[in-house]
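Here is the structure we will look at, set down as structure tokens.
When a ligand or atom number is given, it counts from 1 through the structure's own listing order. As a basis for the values below, the full set of heavy atoms in this structure was taken, side chains included, without hydrogen atoms, waters or symmetry mates.
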Amino acid sequence: MARPFRRWLHNAMPLLAAIGIGAVVVWQAASLGRSGAMTSATAHGFQRLRLYSSTIVNALERYSYLPFMLAHDGKVRALLADQTDPVRLRAVDEWLEGANAAAGSTALYIENLEGTAIAASNWREPDTYVGHRYEFRPFFKDAISTGGGRWFGVGVTTRIPGYFLARAVLDGDSPQGVAIVKVDLEQLQREWASGGEKVMVTDIHNIAILTSQPDWKYAVLGTLDAEARATLDATQQYADVPLRSVKVIQSRDIEKDVHILTLETDGRRRSYLVQSAAIPGESWTIHYLTDMNDILAGSRNAAIIAAFGWIIVLLLLLFLRQRFLRIVAQAKARDEVAEALRTARDELELTVAKRTADLQAEIEERLRTERELRDAQTELVHAGKMAALGQMSATVAHELSQPLTAVQTYLASARVFAQRGDLGQVFRNLGLIDDLNQRMGHIASHLKTFSRKGGSRREPVLLAEVAKRAMMLVEARAKSEKAIIVCDIPPDACILGDGIRLEQVIVNLFGNALDAVKACQVKRLSMTAEASEGTWVIKVADNGPGIAPEHVEHVFDPFFTTKEVGEGLGIGLSLSESIIRDIGGSMRAENAPGGGAVFVITLPEHSPAPAPGGGSHG
Ligand code: ADP
């Protein structure tokens with residue numbers, strides 16, 4: 001077997017099994033339904049058969065006394081004795097007419113020994129029996145020979161079917177004539193038809209003589225043999241009524257008196273469950289027919305119900321299977337999620353461990369780099385210091401070599417003037433040497449500032465005090481140069497720092513400002529302080545030419561100066577900036593919009609401000 005087919009078979013197996021079981025269930029239900037329907041139809045049929053059979057017997061028995069009564073009546077006997085007396089004839093006719101109406105029979109009549117009707121209840125009617133001969137009728141013959149007869153047949157005169165009950169009118173033992181009652185049984189079959197049931201009474205030749213189905217009336221079940229035909233012709237039992245044949249296609253015995261017959265009438269086939277019973281006292285058989293379609297409908301309904309039931313069971317099974325599969329899938333999904341979470345957690349732990357190791361390595365690397373950087377910086381600082389020292393040495397040597405050479409020259413020439421006795425020149429030279437000395441002292445004082453490290457003292461310092469003392473230090477120079485210094489410092493302006501070093505800074509700024517306004521006609525210097533966002537902003541300004549834009553960035557660089565040799569060393573601002581930074585502030589240089597330079601110092605505010613004079617500034 002090819003593999004795909006085997007796989008298909010494996011997949012389709014449950015479906016095939018469901019279809020197979022369903023088919024068995026439906027088939028079983030159908031056969032159960034069918035046998036159930038058959039059983040109940042059979043029980044019902046027999047019950048109806050008994051009922052109808054007794055109805056027929058009763059209907060006939062009701063009239064059985066009538067011929068007997070007629071046969072014993074004196075008028076009848078007298079008439080048979082003298083059949084020509086018209087008065088007697090009329091009297092009997094009228095009597096029969098009255099008795100017939102009272103009994104509800106179809107007709108009452110008297111026949112003489114030839115079988116001619118001499119008196120009848122229908123004597124007034126055009127198709128009266130009176131005058132007709134009926135000696136060929138079996139009941140007549142039976143009555144003459146045995147004293148009584150009964151027979152079913154169609155009237156040759158009236159064409160009306162009826163049941164004939166006959167009784168011989170006896171004079172001693174010899175028959176004089178026959179008294180007959182004709183009974184109509186058509187009413188019975190009308191009642192059956194109105195009940196919607198299929199009932200049929202057949203005679204000895206299988207001819208339907210009474211039936212609830214009008215189209216079966218006088219139909220022959222099967223075929224008539226020649227003997228039967230001859231008998232019928234002789235007795236004119238069904239007069240000239242045409243006898244149709246109902247073809248029996250199939251006959252199956254189920255049990256005694258129960259068959260399934262398939263009949264064909266007018267080209268149509270139909271199957272019936274036929275139950276039969278002999279009618280007591282007659283040569284007739286009564287049949288009760290149930291359409292097999294009705295029985296099969298029951299089995300069909302059972303099969304449909306079973307099919308639906310099976311579909312519902314299947315759907316239920318499918319639903320349960322789906323539910324089961326879903327639960328299994330959910331459990332599987334949960335396991336998978338848990339597994340995925342476990343894997344993710346393991347991976348995360350691994351990643352974290354790896355990252356931690358990497359970070360540690362990185363930190364170690366950074367620490368090593370920092371260490372190396374620090375070492376490099378130390379080396380750089382050292383190199384910078386050496387370079388600065390070299391530059392400073394060169395500057396100092398340069399600054400001092402000129403005055404020293406000049407001092408040597410003036411001393412040599414003073415010696416010459418002293419030998420000559422020119423004291424005036426000697427004093428002039430001494431004065432020049434003094435000037436040079438002062439200049440060298442000035443240079444030394446600048447260098448001293450470098451060495452004077454104030455340390456990082458932190459104490460409350462009032463800015464007004466600092467300004468006041470700085471002013472005092474530059475007062476003499478300002479006065480000699482006719483410069484005005486304006487100070488506007490709030491008395492509570494207080495910072496935390498080193499008062500003396502801050503004073504050095506302000507004195508240096510004033511000094512630079514005085515240098516800058518040297519060429520100005522009006523020389524104005526100012527110092528202000530303003531509070532701003534937890535800081536004090538101190539501004540030292542002048543009305544000099546300001547700082548050239550290209551120099552603004554460099555004025556704080558060490559040894560940056562625009563002044564002539566001997567005028568400046570270029571270290572004042574660099575020093576001032578480092579002092580301010582030391583006490584936690586910052587410093588910048590800018591030009592005022594109206595001209596002149598402005599140096600802006602920002603220092604953190606200190607509060608509460610100490611009482612005036614409480615600051616320590618030596
Ligand atoms: P020095 O005064 O010895 O030059 P500083 O560091 O004090 O050194 O000053 C550096 C330079 O900054 C000065 O040479 C000058 O060019 C400039 N400078 C400083 N103050 C002023 C000012 N008030 N106006 C204009 N330029 C200034």
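- Relative orientation of the Phe556 and Phe599 rings is perpendicular, given thresholds of 30° and 60° on the angle between their planes.
- Short contacts between ligand 1 and Ala516, defined as distances under 4.0 Å to a heavy atom of the residue, involve ligand atoms 22 (C), 23 (N), 24 (N), 25 (C).
- Contacts between Asp542 and ligand 1 below 4.0 angstrom, taking non-hydrogen atoms only, involve the side chain exclusively.
- Counting only residues at least two apart or on different chains, no salt bridge (Lys or Arg N to Asp or Glu O under 4.0 Å) pair has a member in residues 531-549.
- Contact analysis leaves Phe556 out of contact with ligand 1, as no non-hydrogen atom separation drops below 4.0 angstrom.
- Short contacts between ligand 1 and Thr561, defined as distances under 4.0 Å to a heavy atom of the residue, involve ligand atoms 1 (P), 4 (O), 14 (O).
- Polar contact check, Lys563 against ligand 1: a nitrogen or oxygen pair lies under 3.5 Å apart.
- Checked by atom type and distance alone, the side chain of Trp310 pairs as donor or acceptor with a backbone atom of Ala18 at under 3.5 Å.
- Near Phe560, with a cut-off below 4.0 Å to any heavy atom, the atoms of ligand 1 are 10 (C), 11 (C).
- For the pair Glu590 and Arg588, the salt-bridge criterion is met [side-chain N within less than 4.0 Å of a carboxylate O].
- Heavy-atom contacts of Ala513 reach the following atoms of ligand 1: 23 (N) (cutoff under 4.0 Å).
- Interface of Val555 with ligand 1, defined as ligand atoms under 4.0 Å from a residue heavy atom, comprises 12 (O).
- With Arg524 as the partner, the side-chain contact (heavy atoms from CB on, under 4.5 Å) test is satisfied by one option alone out of Ile485, Val486, Val517: Val486.
- Ligand 1 has Gly546 within reach: a non-hydrogen atom of the residue lies less than 4.0 Å from it.
- By the 3.5 Å distance cut-off applied to N or O atoms, Gly570 is counted among the residues near ligand 1.
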Evaluate the criterion side chain to side chain contact (heavy atoms under 4.5 Å, CB included) for residue pair Met38 and Ile254; output intermediate values, then yes/no. CA-CA 10 Å; Met38 284 285 275; Ile254 303 294; 4.3 Å; yes
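- Using a non-hydrogen distance threshold of 4.0 Å, Gly544 does not register as a contact of ligand 1.
- Below 3.5 Å of separation, one finds no N or O of Ser574 facing any N or O of ligand 1.
- For a threshold of 3.5 Å applied to N or O pairs, the pair formed by Leu573 and ligand 1 contains at least one separation below that value.
- Listed for the Asp488 side chain is no donor-acceptor partner under 3.5 Å among the backbone atoms of Thr528.
- The side-chain hydrogen bond (donor to acceptor under 3.5 Å, both in side chains) test applied to Thr290 returns no partner, not counting sequence neighbours.
- Between the side chain of Asn543 and the backbone N or O of Val522, at least one donor-acceptor pair lies under 3.5 Å.
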